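Below, chain A is the first sequence line, B the second, and so on; all start at residue 1. Here the structure is a predicted model, which is why all the values come from computation and not from measurement.
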Amino acid sequence: MPELPEVETVRRGLAPVMEGETFSSVQIRRKNLRIPFPKDFVSRLLGARILHVKRRSKYLLIETETDVLIWHLGMSGQVRIYKVGDTVAPVGKHDHVQFDLSSGAVVVFTDPRRFGLMDLALREDIAAHRLIKDIGPEPLGNAFSGPILAARLKNRQVSIKQAIMDAHTVAGVGNIYASESLYRAGLSPKRKAYTVQGRRAEKLATAIKNVLNAAIDAGGSTLKDHRTTDGGLGYFQFSFAVYGRAGEACPDCDCDIYSTFGISRLEQGGRSTYYCSRKQR
DNA sequence: CTTTGGGCCTGGACGC
DNA sequence: TGCGTCCAGGCCCAAA
């Protein structure tokens, strides 16, 4: 499932294909994904020139001269790009949206589980859009640091794992990278969020930045059905230290020699967390 | 204000 | 082989 690094990877794939082009055809093959498409979705995009392909949290923002296409890949969303001359595959069962661009390139959005969504906002209204307005700082931006994270965790009674997965605390950290960040920072996922202050918050902010950057550098990680924008199979693989590795030895310490240690799994807020109880306190 | 739980979806893994 | 069941996940929203 796409988390911030995957969405950023998709953005980087889309930007050179879309920027500067106009939409010569827009096809939606059902009336809704997670939410309904706006009634004027097609008419507003047709003929519009794309100025920028941006990202905010896990949302792709396709800016035209008047509008912003807000695009979330959800859980199972994949983007396929066909460059000029490529053979476009027959329409698949879950190919819900197709954009044809003035260059001749084609962009297809496939999303079996339909947790993805598309919406439109006027450019001047984007910051106030209901899906965007309450999102916390971008973890890779200048507005994110130890002290800023600490301030946002103050008074939070939930676990640190649940707090950093909350997009209002910090943007774009999903289930996988929450576990990975806490592991790198040496913090127990069960720790109350408000106890992560000072040096601990500094370590965690750094860990979040580092793990996201490493995953972006790896071209986005793959899990199950996520694919790269160029339609290829997920040939790159970011190696997770703990995620999905319950029962395995912790790569960073000697906990495997103690029968009771190693990577364990627990459930928090209905989601799996993976951690090493020896390394993470 | 914060926190919790429900709901949206399908496909793949698993047990019988 | 075919069926049912469970799980995966982001994240909004209503309710407490």
R271(A) or Q157(A): which one's nearest nucleotide on DNA chain B is closer to the 5' end?
Q157(A)

Using nucleotides 12-16 of chain C, report all nitrogen or oxygen pairs with the protein that are shorter than 3.5 Å.
unit_1: dC12(C); atom_1: OP1; unit_2: Y59(A); atom_2: OH; d: 2.8
unit_1: dC12(C); atom_1: O3'; unit_2: R130(A); atom_2: NH1; d: 3.2
unit_1: dC13(C); atom_1: OP1; unit_2: R130(A); atom_2: NH1; d: 2.2

For I164(A) and dC11(C), what is the distance between atoms CD1 and P respectively, to the nearest whole Å?
14 Å

Could you work out, with ring-ring contact (aromatic ring centres under 6.0 Å, His included) as the rule, every residue matching Y274(A), not counting sequence neighbours?
Y243(A)

When rounded to the nearest 0.5 angstrom, what distance separates CZ in R56(A) from CG in L61(A)?
9.0 Å

Identify, with sequence neighbours excluded, every residue that meets side-chain contact (heavy atoms from CB on, under 4.5 Å) alongside S159(A).
K161(A), Q162(A), Q268(A)

Using the C1' atoms of the five pairs at each end, what is the angle between the end axes of the helix from dT2(B)-dA16(C) to dC16(B)-dG2(C), to 10°?
40°

Nucleotide range of DNA chain B contacted by chain A, 5' to 3', under 4.0 Å to a heavy atom?
dT3(B) to dG11(B)

Quick one: list whatever passes salt bridge (Lys or Arg N to Asp or Glu O under 4.0 Å) with E8(A), sequence neighbours left out.
R11(A), R12(A), R55(A)

Sorted by chain and number, sequence neighbours left out, ring-ring contact (aromatic ring centres under 6.0 Å, His included) with H72(A) holds for Y59(A)

Who pairs with Q197(A) by side-chain contact (heavy atoms from CB on, under 4.5 Å), at least two apart in sequence or on another chain?
A150(A), L153(A), K154(A)

Taking 4.0 Å as the cut-off, does a side-chain nitrogen or oxygen of S272(A) come that near to OP1 or OP2 on dC7(C)?
no

With sequence neighbours excluded, tell me which residues meet ring-ring contact (aromatic ring centres under 6.0 Å, His included) with F115(A).
none

Would you confirm whether N175(A), through its side chain, and S272(A), through its main-chain N or O, come within 3.5 Å as a donor-acceptor pair?
yes

Rounded distance in Å - CE (M165(A)) to P (dC11(C))
9 Å

Partner residues of R152(A) under the salt bridge (Lys or Arg N to Asp or Glu O under 4.0 Å) criterion, sequence neighbours left out:
none

What integer distance in Å separates R113(A):CZ from dC6(C):P?
17 Å

Nearest-Å distance for atom pair CD1/P, residues I132(A) and dC11(C)
10 Å

What is the nucleic acid contact for R265(A), judged by heavy atoms within less than 4.0 Å: base, sugar-phosphate only, or nothing?
sugar-phosphate

Would you kindly give the OH-to-C1' distance between Y274(A) and dC7(C), to the nearest whole Å?
11 Å

Sequence neighbours left out, cut at 3.5 Å: what donor-acceptor pairs do the side chains of residues 127-137 of chain A make with other protein atoms?
unit_1: H129(A); atom_1: ND1; unit_2: L131(A); atom_2: N; d: 3.0
unit_1: H129(A); atom_1: NE2; unit_2: D119(A); atom_2: OD2; d: 2.9

Protein-nucleotide distance (H72(A), atom NE2; dC11(C), atom C1'), rounded to Å:
7 Å

According to ring-ring contact (aromatic ring centres under 6.0 Å, His included), who are the partners of F23(A), at least two apart in sequence or on a separate chain?
F99(A)

